[in-house]
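In what follows, chains carry the letters A, B, and so on, assigned in the order in which the sequence lines appear, proteins first and then strands, with residues in each chain numbered from 1.
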2 protein chains.
Amino acid sequence: MKTETRKEEIIRVAAKLFKQKGYSAVTMRDIAKAMGIKAASLYNHINSKQDILNEIIISLAEAFTQEMKQIQSSGVNSIDKLKKIIELHVNISSQNIYGMASLNNDWMHLKDKLQYYLKLRNTYEDDFKTILIDGITKNEIINIKPEVMMFSILTTLRSLYIWIPKKEQLNLEALTDDLINVLINGIAKE
Amino acid sequence: MKTETRKEEIIRVAAKLFKQKGYSAVTMRDIAKAMGIKAASLYNHINSKQDILNEIIISLAEAFTQEMKQIQSSGVNSIDKLKKIIELHVNISSQNIYGMASLNNDWMHLKDKLQYYLKLRNTYEDDFKTILIDGITKNEIINIKPEVMMFSILTTLRSLYIWIPKKEQLNLEALTDDLINVLINGIAKE
DNA sequence: GTCTATAAAATGATAGAC
DNA sequence: GTCTATCATTTTATAGAC
């Protein structure tokens, strides 16, 4: 386990606070106080509050995009691709609950990186929809508007960060199985 | 159609801005500018920025709670109750897209009304879960953890405000039907 | 790497004229 | 009902000492 740098600690602590109150409501003093130092000291490790948000969001968005490309080229059928997507969201969400909150709720406060983030998000959603359309064509998925199916599944997966902390023992495999059941078995033809 | 009071206009304009940037990032000057007046003039109609948020969120939370009680006592089976809940969310969300954003994302910035809001939300979720458990008991709904089913369905419904604006022609009945298909038919035993 | 001190701007809200 | 003027506070960020 790599030792956490001071910069990484700032990003971790900030993300936790961003989840509680949102990016705009968290001050540099809040972050500093949570670390036991003064706000001015933060600037020895990061350039601005913006930079903290950039690091949190872009690293996650890139991770999702990259994994989606892997899934796309995995050669399995559309239902199994969807299962892999569910696993992907459970894995990343459980490993970075706080960052997922910012990815979902604070992306509009990006500035320099906003267009890049939107490009990544659109690419991800296009890939997702392509899998659904492919599944419909191959008769693996019921013929309902792919937008509605994607909306339902993706919204559920994107909100996992809200619910995972509530699971008492955090049995991720059981959660993944249940989600696959609920989300897929309503889509796949029997 | 009742004429909109100045106070109602402030709440409507503020909610639209809150959806775009979140409560904390919207200033009284932003709201005033969007209305073509000065920030100081707002205070002739409302007491504080907090009050605007209170009005947006509490009126919606009470509407959901009230309708849920109607559904609970409607006497239909559990699947039909779930269908009514889906219709409820589509209706309220399409009528108040901007307010739904605050209900979902800005509730943590409530102060006086925070505990009251949390009570309403908990009551709503308990009622929802009771319907699911009742359906499982009566063999109308598959036997998966009700928490996971509620999470999946409720998260999708709570995020409708994000997606409804994207529907080009806003065919709400078709959307409701598709949602019922996707959300319920994966849950109801055939 | 952290501190104190402080600059420069933004913010919620009030007072009082019209 | 809206305005100008203004207050008190908060906020991001920098400078320079230790």
Side-chain angles (χ1 to χ4, degrees), chain A residues 2-58 98 101-102 105-114, chain B residues 2-58 98 101-102 105-114:
Chain A
K2 188 167 142 281
T3 314
E4 188 181 48
T5 67
R6 207 76 168 123
K7 179 174 177 177
E8 285 164 348
E9 187 187 356
I10 291 171
I11 290 167
R12 177 174 55 79
V13 170
K16 185 169 183 176
L17 293 172
F18 292 168
K19 176 173 184 283
Q20 290 166 19
K21 304 198 292 178
Y23 173 76
S24 299
V26 174
T27 69
M28 296 301 277
R29 284 172 181 79
D30 291 334
I31 299 169
K33 194 165 196 176
M35 293 182 64
I37 57 175
K38 296 291 174 182
S41 306
L42 294 171
Y43 291 90
N44 214 56
H45 308 281
I46 51 97
N47 293 318
S48 65
K49 192 184 169 191
Q50 266 295 309
D51 267 13
I52 300 175
L53 189 68
N54 286 344
E55 299 251 14
I56 294 170
I57 292 182
I58 298 301
Y98 304 127
S102 288
N105 304 319
D106 293 323
W107 58 266
M108 71 285 285
H109 298 116
L110 292 172
K111 287 180 179 165
D112 300 3
K113 305 279 188 184
L114 179 59
Chain B
K2 189 167 141 277
T3 315
E4 188 181 48
T5 67
R6 208 76 169 124
K7 179 175 177 178
E8 286 163 348
E9 187 187 356
I10 292 172
I11 291 167
R12 177 174 57 79
V13 170
K16 185 168 183 175
L17 294 172
F18 292 168
K19 176 172 185 284
Q20 291 167 19
K21 304 198 291 177
Y23 174 76
S24 299
V26 174
T27 70
M28 295 301 279
R29 285 168 179 78
D30 290 335
I31 299 168
K33 194 165 195 174
M35 294 182 64
I37 58 176
K38 296 292 175 182
S41 306
L42 294 171
Y43 291 90
N44 215 56
H45 308 282
I46 49 100
N47 294 317
S48 65
K49 192 184 171 190
Q50 266 294 308
D51 267 14
I52 299 175
L53 189 67
N54 287 344
E55 299 252 16
I56 294 171
I57 291 182
I58 298 300
Y98 304 127
S102 289
N105 305 320
D106 293 323
W107 58 267
M108 71 285 283
H109 298 116
L110 292 172
K111 288 180 178 164
D112 301 1
K113 304 281 188 185
L114 178 59

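- For A/Q20, the side chain to side chain contact (heavy atoms under 4.5 Å, CB included) test picks out A/K16, A/L17, with sequence neighbours left out.
- Comparing the helix axis at one end of the helix from C/dG1-D/dC18 to C/dC18-D/dG1 with that at the other, each defined from 5 consecutive pairs, gives an inter-axis angle of 10° (nearest 10°).
- Near DNA chain D, defined here as any heavy-atom distance below 4.0 Å, the residues from residues 34-42 of chain A are A/A40, listed numerically.
- The nearest whole Å value for the distance from the NZ atom in B/K49 to the C1' atom in C/dT11 is 9 Å.
- Distance OH (A/Y43) to P (C/dA7): 17 Å, rounded to an integer number of Å.
- Note on residues 105-114 of chain B: no pairs pass salt bridge (Lys or Arg N to Asp or Glu O under 4.0 Å), not counting sequence neighbours.
- Using a 4.5 Å heavy-atom threshold, the side chains of A/T27 and A/K33 count as separate.
- Scanning both residues, A/V13 and A/I31, for their nearest heavy atoms gives CG1-O, 4.1 Å.
- In this structure A/K7 satisfies the salt bridge (charged side-chain N to carboxylate O under 4.0 Å, His left out) test together with A/E55, sequence neighbours excluded.
- Distance, A/R29 CZ to C/dA5 C1': 12 Å, rounded to whole Å.
- Here A/R6 lies in heavy-atom contact (under 4.0 Å) with sugar-phosphate atoms only.
- By the side chain to side chain donor-acceptor pair (under 3.5 Å) test, B/N105 pairs with B/Y161, sequence neighbours left out.
- Within residues 16-27 of chain B, no residue is approached by DNA chain D to less than 4.0 Å at the level of any non-hydrogen atom.
- Separation of atoms NZ (B/K49) and CD1 (B/I10) is listed at 14.0 Å; rounding is to 0.5 Å.
- Evaluation of the ring-ring contact (aromatic ring centres under 6.0 Å, His included) rule for A/Y23 yields A/F18, A/H109 as partners, not counting sequence neighbours.
- For B/R29, the salt bridge (charged side-chain N to carboxylate O under 4.0 Å, His left out) criterion is met by no residue, not counting sequence neighbours.
- Taking the salt bridge (charged side-chain N to carboxylate O under 4.0 Å, His left out) definition, one finds that B/D30 meets it with B/K21, sequence neighbours left out.
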Show your reasoning for whether side chain to side chain contact (heavy atoms under 4.5 Å, CB included) applies to B/L114 and B/W107.
CA-CA 7 Å; B/L114 178 59; B/W107 58 267; 4.0 Å; yes
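- A 4.5 Å side-chain heavy-atom check between A/H45 and A/E9 finds every atom pair outside the cut-off.
- For B/N44, there are no side chain to side chain contact (heavy atoms under 4.5 Å, CB included) partners at least two apart in sequence or on another chain.
- In the 5' to 3' direction, nucleotides of DNA chain D lying under 4.0 Å from heavy atoms of chain B begin and end at D/dG1 to D/dT4.
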